[in-house]
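So that the names make sense, note that chain A is the first sequence line, chain B the second, and so on, each numbered from 1.
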Number of protein chains: 2
Amino acid sequence: MVKAEIISVGTELLLGQIVNTNAQFLALQMAELGIGLYFQTVVGDNEMRLMEAVHQALARADVLIITGGLGPTEDDITRETVAKAFAKDLVYVPEIEAELQRIFSGREMPANNLRQAYLPRGAVVLPNPHGTAPGLALKHHLGQLIFLLPGPPREMQPMFRNFVIPYLQEQGMLNGRVISRTLHFVGIGESKVAEVLSDLISNQSVPTIALYSKLGEVDVRLTAHTTGVAAADSLFSSVRAAILARLQPYFYGEDECTLARAVGEALGSRGHLLAVAESCTGGMIGHLITNESGSSAYFLGSLVCYANEVKTQLLGVQEATLEQFGAVSEECAREMLRGALRLKNATVGLAVTGIAGPLGGTAEKPVGTVWLAAGCRSVVKTKQLSLTGDREAIKERAARLALALLLNLLREGK
Amino acid sequence: MVKAEIISVGTELLLGQIVNTNAQFLALQMAELGIGLYFQTVVGDNEMRLMEAVHQALARADVLIITGGLGPTEDDITRETVAKAFAKDLVYVPEIEAELQRIFSGREMPANNLRQAYLPRGAVVLPNPHGTAPGLALKHHLGQLIFLLPGPPREMQPMFRNFVIPYLQEQGMLNGRVISRTLHFVGIGESKVAEVLSDLISNQSVPTIALYSKLGEVDVRLTAHTTGVAAADSLFSSVRAAILARLQPYFYGEDECTLARAVGEALGSRGHLLAVAESCTGGMIGHLITNESGSSAYFLGSLVCYANEVKTQLLGVQEATLEQFGAVSEECAREMLRGALRLKNATVGLAVTGIAGPLGGTAEKPVGTVWLAAGCRSVVKTKQLSLTGDREAIKERAARLALALLLNLLREGK
C-alpha cells in the first residue's frame, strides 16, 4: 500500500488560532483513494523545523503533502525550504508572474508577490484559480512524490481534487480503494460492545473492525482495502450480519444516517406525527429532530416545560402527581406524554423528565436520574435511566436515549 | 523558554473522521502559559508509530502532551506504549479499580475497563471526574515531563486545567505568564469588527489583538506576555476600554461567559421569568439557555411550535394572520410572543420564526429569512434577519441573534 504523510505549515495553526481542517480533509481523501496515511504533523513558519519534518517524512512515506506557507510574505517559507531539502535551486517561472499580473490587473501588485514566481527546479505547477499561489508537484530522486498546496481550504481543496488526484493516478499510485462502512449503535457503551464482539474483533482480518464512541452512541467501523466494490461487498456482508445479529436492539443506522434521521424515517414511513414534552433536555430533542431537513413532515413540536407550573399549565400534569411522586418520576413522565399527545393530529409522543445537574440531586434521586415515556394512548413504554457526566453530557445522553426508545417502539410495529 | 510538543493519538483522528480540536485547545493553552510549542503530531492506534513519535518528541521537547488511547479497548495503546518507551512496567493501582467500580455502581463493569487500572510505574494519577480513564503524569530521567490525557475533549480539558497546569507550576515550568482576555461580541461580522478596530489593530504592541469568528459571534482576544498579573491589568485596561467604546452595542461578556449565561445573568438580576416561542430554531434556544446551571431560576420553558396548527393551538396565533402574512412574518412573531407570555408568571418573552432551509424558501422570503420578537406586553422589539449558511448554521445564527436581541432589551432597562 502506498504510504502518505501530511505536513501542515503555519504558526497560526501550530498555536491553535485556527483548527486544522486541511488535515482532516486530506486524511479523508487519502482513505477514499486507498492510500495509507500514517503521520500528520503541524509545524510553524520556521525553516529549520519544516526541514526536519520534511526529512522525517521522506524517510518513511511515498507521498508527502504539505499545505501552507506558499503566500507572498516573508513568513511563507515552504517553497524555499523544500527546494533546500531537495538541494535544488529556485528558478524564476515567467508564466507565473504573468498570471499574477493578470490576477492583479488594474491594481498594483505588491512586490512581495513576485516571490511566488520562483519555484524549485523541476517542479510541476498546479494552477490555483482561487488565489495567487500556484501549487507544486515534485518527484524525489528516490521516487517519492511531494505536493505543495496552499493553506486556505477554498484554494487547497479544488487544487487537490482537480490536479493532485489525476497526478497520483498518472503516477500509478492509486491501486484499489479503501471501503468503509460504519454501523451506528445507541444505548450501549463501547466496552460492552467490545465484549459482545470480542471474538470477531480478535479474529478480524478483512474487513477490519474498529470501535468509536460518542455520547450515548457507539460506531462500529468496517474497513477493507480492495480492488473492486463487488469484492468488498461480499467481505462486508457476513461480518456485518454477524455484528447485527448480536447487537440488533441497539442498531439504528449506517454511515451518514444520524439517530434523528433514523427516527424521522421511522415516523415518516408510518405516517406518524410526533409531539414531544421535554424538561431537563431543555429543547435539545426538538433541536436534534429539526436538524433534519423535511422534519416538518413528521414533527409537530415540543413543549419544553422547564418549570413545574408550566408542566401543569401546558401539559396537564396534575399538581397531586408532582407533590406525591415529584417531577422526575414515571408518573410524571406518563402525564407529560399524555399532555404532548393533546396536540392536534399527534399520533405518537415522547416525554423526558430528569435531573441534569450539577444541582438538584438527592440521595433518592441523584443527578442523572431520568424518566422516559414514549407511545400513544393505547401503548406506552417507560424507562428509567441513571446517567453519568456533566450537565451537557446528561442532557445529550438523555435526548439520544429518548430518541432510541421511540425508534425501537416504532420498529416493533406500534 | 520551555519547549513543548503535542501528540494526538487515534485512528479516527488520523483518518479524518473527526477534526483535531484537542490540539487546538492545548496549543492555545501553551501560548497562554508561555510555553513554546514547536511540533504537533497525529498518529493512529499503532504502537510502533506512537513509539516513534514519542522518541522523536523526547529528543527535542521538555514537555510532551499525549491525548487519546486511554480507553478500555484493545485499540487503546497509549499506556502500554509509553511504558515501553520508558522501559517501565505497568502496575496495578487498586484505587483506580475502586473508582471505576464506583462509576459503574449498580451496573456491571465490563472486564475491559480493568485495563485502565494498570499504569506505568512511577506515574502520578490525574483524576478524571468526567470519564473512566485517569490521566497520567510521568517524569523522564532526563527531566522531561510527559502527560497522558484522555481523548474526549470534555474529559481532557478540565483535567488539563485542574491538574496539568498546577503540576507544571509546581515543576517550575511556568516562568512568566501569557495573559489573555477575550471579549465576546454578537450580531456583527469579523470583517466589520476588523474595520472598526483597524487603527488599534495596526498599531498594536502590548497587548496583541486577534480576532476569531464563530457562528454569529466574534471574539477579540488580547494577549500579553508578562511576569506579573498587575502589570498585565494596566496594559489591558486601556485597550479594552477603547475596544468597548466602539463596539458596546455588540458586547455580551468576557472569557468564560457564554451568551446564554449573559442572558441568564441579565434575567436573574432583574427578577425576570422568561418564556420562549420557537419555530425554525426547533428547541435550540431552550437548549442553549438550559445548558447553564441554575437556569430554572429565570427560565419557564419554550413552546417549540413547528407546525402552523400548533402555533395556533398552543400560542393562539390566529389562522387569519397565518393566511395573510404567513408564519415567517413580523405579525406572526408578535403573536407568538404574546402566546409565550401567557405562561403563568412570565415577565418577558422571546419568539423566533423563520426558514432554516434548504427547502421552503421563495423569491419573496428566501431561505434565511427570520423574524425575531422580544419583550413584554408593553414593550416589544422586533427584528428581521437575512441569514446565510446551511440549515444548522441558520438555526444557530437565529438562536444567537435572538438571545442577543433579548439581552440588549434587558440591558436597555426594560
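- Put simply, the side chain of B:R115 does not reach to within 4.5 Å of the side chain of A:S191, judged on heavy atoms.
- Results of the side chain to side chain contact (heavy atoms under 4.5 Å, CB included) test with A:V304 over B:T290, B:L300, B:I289, B:V304 single out B:V304 as the only residue that passes.
- Of the two parts of B:V19, the backbone and the side chain both hold a non-hydrogen atom closer than 4.5 Å to a non-hydrogen atom of chain A.
- Residues B:L343 and A:L314 are in side-chain contact: their nearest non-hydrogen atoms beyond the backbone lie under 4.5 Å apart.
- Contact of B:Q313 with chain A is made through the side chain alone, with heavy-atom distances under 4.5 Å.
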With side chain to side chain contact (heavy atoms under 4.5 Å, CB included) as the test, would you mind laying out the steps for B:Q40 and A:T41 before giving the verdict?
CA-CA 6 Å; B:Q40 295 178 13; A:T41 305; over 6 Å; no
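- Taking 4.5 Å as the limit, every side-chain heavy atom of A:L28 sits out of range of all side-chain heavy atoms of B:L15.
- Most heavy-atom pairs under 4.5 Å with chain B, from the set A:S296, A:C305, A:A399: that is A:S296.
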Stepwise side chain to side chain contact (heavy atoms under 4.5 Å, CB included) test for A:Q24 and B:Q17:
CA-CA 7 Å; A:Q24 184 187 23; B:Q17 286 144 35; over 6 Å; no
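- With a 4.5 angstrom heavy-atom cutoff, B:E155 does not touch chain A via any of its atoms.
- Highest contact tally toward chain B, considering only A:V310, A:L14, A:I201, is held by A:L14 [criterion: heavy-atom pairs under 4.5 Å].
- Of the two parts of A:A356, neither the backbone nor the side chain holds a non-hydrogen atom closer than 4.5 Å to a non-hydrogen atom of chain B.
- Between chain B and the options A:S295, A:G360, A:S279, the largest number of non-hydrogen pairs under 4.5 Å is found for A:S295.
- Annotation: the span from B:E108 atom CD to A:K192 atom NZ amounts to 5.0 Å, rounded to 0.5 Å.
- Here B:R60 pairs with A:E52 in a salt bridge; the nearest charged N to carboxylate O distance falls below 4.0 Å.
- Here A:S293 is the residue among A:C280, A:A307, A:S293 with the most heavy-atom pairs under 4.5 Å with chain B.
- For A:N20, the part lying near chain B is the backbone, with the side chain staying farther off; criterion is any non-hydrogen pair under 4.5 Å.
- Contacts of B:R49 with chain A are made by both backbone and side-chain atoms, with heavy-atom separations under 4.5 Å.
- When every heavy atom of A:E195 is checked against every heavy atom of B:A111, the shortest pair comes out as OE1-N, 3.5 Å.
- For B:D75, the part sitting under 4.5 Å from any heavy atom of chain A is the side chain, from C-beta outward, and nothing else.
- Heavy atoms closer than 4.5 Å to chain A are found in the backbone of B:I18, but not in its side chain.
- Counting heavy atoms from C-beta outward, B:H287 and A:K395 have side chains that approach closer than 4.5 Å.
- For A:Q384, the CD atom counts as densely surrounded, since its 6.0 Å shell holds more than 12 non-hydrogen atoms of other residues, nucleotides or ligands.
- For A:S198, no part lies near chain B; criterion is any non-hydrogen pair under 4.5 Å.
- The candidate with the highest count of non-hydrogen atom pairs below 4.5 Å against chain B, out of A:G286, A:G189, A:S8, is A:G286.
- In this structure, chain A has no heavy atom under 4.5 Å from any part of B:T132.
- For a residue to count as touching a neighbouring chain, one of its non-hydrogen atoms must lie under 4.5 Å from one of that chain's; by this rule A:S302 touches chain B with backbone and side chain alike.
- In this structure, the portion of A:Y212 lying under 4.5 Å from any heavy atom of chain B is its side chain and not its backbone.
- Annotation: maximal heavy-atom pairing with chain B below 4.5 Å, among A:L303, A:I7, A:L37, A:N46, occurs at A:L37.
- B:I6 does not touch chain A: none of its heavy atoms, backbone or side chain, sits under 4.5 Å away.
- Rounding to the nearest 0.5 Å places CG of A:L273 at 13.5 Å from OH of B:Y306.
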What do the steps show when you test B:Y38 against A:V43 for side chain to side chain contact (heavy atoms under 4.5 Å, CB included), and what is the final call?
CA-CA 6 Å; B:Y38 295 117; A:V43 291; over 6 Å; no
